[in-house]
Amino acid sequence: MKVLLTGATGFVGKQLGKTLALEGHELIVVTRNKAEAKYSIPAPHIAIEWKDVRDPARMLDKSLLKNLDAVIHLAGESIVSKRWTPAFKKKIRDSRIEGTKSLITFLENLGGPKPRIFITASASGYYGDCGNDPIDETHPPGSDFLAKICKEWESTLFDSSLSDTRKVALRIGVVLGKGGGALEKMIPAFTSGLGASLGSGKEWMSWIHIDDLV
């Protein structure tokens with residue numbers, strides 16, 4: 001299959017790209033820095049540089065993106081990298097919603113057959129804080145900042161005019177694994193003797209191992 005992957009330099013993207021390449025798929029990655037991608041993505045790939053997620057015209061080499069079989073859209077600003085100032089919250093939103101809109105607009109205007117499937121990352125934060133209530137895909141969205149972002153993010157894909165494309169939003173929990181993700185940020189505190197429970201320590205945490213997610 002010919003697969004377009006965004007977010008390929010991230011923790012999940014690197015592992016997914018490597019797996020796709022090992023399975024013999026043709027991998028095309030969208031990145032803000034082609035030189036960085038060349039050395040940080042552990043898989044054979046073709047890189048397309050896209051500096052501004054709000055501008056689909058930046059993706060200039062349309063010939064490479066003809067006849068895509070699948071789009072896997074993982075790009076988005078990390079929500080744990082900085083303090084949530086109003087400016088950073090806008091960056092979190094724009095990197096997800098505006099980036100998805102631009103990518104879809106580009107695909108709509110590309111001409112030729114559309115991808116058979118478009119998979120976008122979302123998050124279990126879609127549901128908000130549900131306490132001890134069991135939830136599944138039919139549960140309504142929450143009302144906090146992340147829930148609203150996830151709802152708008154998913155709607156951007158599901159309400160698009162890619163009518164012949166299967167549309168999937170993965171509501172992913174905390175991704176755990178060696179070499180990155182949540183554990184990379186938590187381990188230093190615990191190895192320094194500073195790790196502790198937050199609150200009562202009985203809160204639910206939706207998580208998945210990176211191998212299972214990939």
Side-chain angles (χ1 to χ4, degrees), residues 5-19 32 40-42 53 72-101 118-159 167-214:
L5 176 63
T6 74
T9 58
F11 180 50
V12 176
K14 287 180 183 179
Q15 292 298 109
L16 178 59
K18 182 178 179 180
T19 299
R32 286 178 290 185
S40 65
I41 300 174
V53 297
I72 305 175
H73 183 39
L74 305 179
E77 186 72 31
S78 171
I79 64 171
V80 296
S81 60
K82 296 179 182 178
R83 184 170 171 268
W84 283 13
T85 62
F88 188 60
K89 288 170 77 172
K90 184 177 186 303
K91 195 170 184 180
I92 290 173
R93 181 201 172 274
D94 287 353
S95 68
R96 288 161 172 77
I97 285 83
E98 299 305 325
T100 303
K101 284 180 182 178
F118 189 121
I119 300 171
T120 184
S122 183
S124 58
Y126 174 94
Y127 304 107
D129 183 0
C130 299
N132 289 325
D133 294 341
I135 56 175
D136 61 19
E137 290 85 350
T138 65
H139 197 282
S143 58
D144 59 23
F145 171 70
L146 285 182
K148 290 177 181 178
I149 290 291
C150 289
K151 183 180 179 182
E152 188 177 4
W153 196 4
E154 294 183 14
S155 296
T156 301
L157 174 60
F158 293 140
D159 295 342
K167 303 166 186 175
V168 178
L170 295 178
R171 292 172 185 164
I172 305 167
V174 177
V175 182
L176 301 179
K178 292 181 179 180
L183 282 180
E184 184 178 58
K185 296 185 179 299
M186 289 190 283
I187 285 175
F190 281 87
T191 56
S192 301
L194 301 174
S197 299
L198 297 177
S200 69
K202 296 181 179 180
E203 297 83 6
W204 289 92
M205 183 176 75
S206 177
W207 66 274
I208 185 170
H209 191 276
I210 190 166
D211 290 348
D212 294 317
L213 178 58
V214 167

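None of these values were measured; they are calculated from a predicted model.
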Can you tell me how far [atom2] of [Y] sits from [atom1] of [X], rounded to the nearest 0.5 angstrom?
| X | Y | atom1 | atom2 | result |
| --- | --- | --- | --- | --- |
| Ile97 | Thr156 | CD1 | OG1 | 5.5 Å |
| Lys101 | Glu152 | NZ | CD | 6.0 Å |
| Leu146 | Lys151 | CG | NZ | 15.0 Å |
| Ser124 | Trp207 | OG | CH2 | 13.0 Å |
| Ile72 | Thr120 | CD1 | OG1 | 11.0 Å |

Ignoring hydrogens, what is the shortest heavy-atom contact between [X] and [Y]? Give both atom names and the distance.
| X | Y | answer |
| --- | --- | --- |
| Ile210 | Val12 | CD1-CA, 4.0 Å |
| Ile135 | Cys130 | CG2-SG, 3.8 Å |
| Cys150 | Gly125 | SG-C, 4.2 Å |
| Lys167 | Leu157 | CD-O, 3.5 Å |
| Phe88 | Ser78 | CZ-O, 3.3 Å |
| Lys14 | Thr9 | CE-O, 3.1 Å |

Taking atom CG of Asp129 as the centre, does the number of heavy atoms from other residues, nucleotides or ligands within less than 6.0 Å exceed 12?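 Result for CG/Asp129: open.
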Is the number of heavy atoms from other residues, nucleotides or ligands within 6.0 Å of CH2 (Trp84) greater than 12?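 Yes, because the 6.0 Å sphere around CH2 of Trp84 holds more than 12 heavy atoms from other groups.
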Report yes if the side chains of Asp133 and Tyr127 come closer than 4.5 Å at any heavy-atom pair, otherwise no.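 With C-beta onward as the side chain, the pair stays apart.
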Under the side chain to side chain contact (heavy atoms under 4.5 Å, CB included) criterion, do Leu16 and Leu74 qualify, and how do the steps go? CA-CA 10 Å; Leu16 178 59; Leu74 305 179; 4.1 Å; yes
Checking side chain to side chain contact (heavy atoms under 4.5 Å, CB included) for the pair Phe118/His73: CA distance, chi angles, key distance, verdict? CA-CA 8 Å; Phe118 189 121; His73 183 39; 3.8 Å; yes
Measure from the side-chain N and O atoms of Ser192 to the backbone N and O of Leu194, and report whether any donor-acceptor pair falls under 3.5 Å.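 No, Ser192 side chain to Leu194 backbone: no donor-acceptor pair under 3.5 Å.
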Strictly distance-based, threshold 3.5 Å: is any side-chain N or O of Ser122 a donor or acceptor partner for the main-chain N or O of Leu170? no
CA sep, side-chain torsions, deciding dist, call: Arg171, Glu154, salt bridge (charged side-chain N to carboxylate O under 4.0 Å, His left out): CA-CA 10 Å; Arg171 292 172 185 164; Glu154 294 183 14; 2.8 Å; yes
Given the rule in the side chain to side chain contact (heavy atoms under 4.5 Å, CB included) test, do Arg96 and Ile79 qualify, once you have shown the distances and angles that lead to the verdict? CA-CA 11 Å; Arg96 288 161 172 77; Ile79 64 171; 3.7 Å; yes
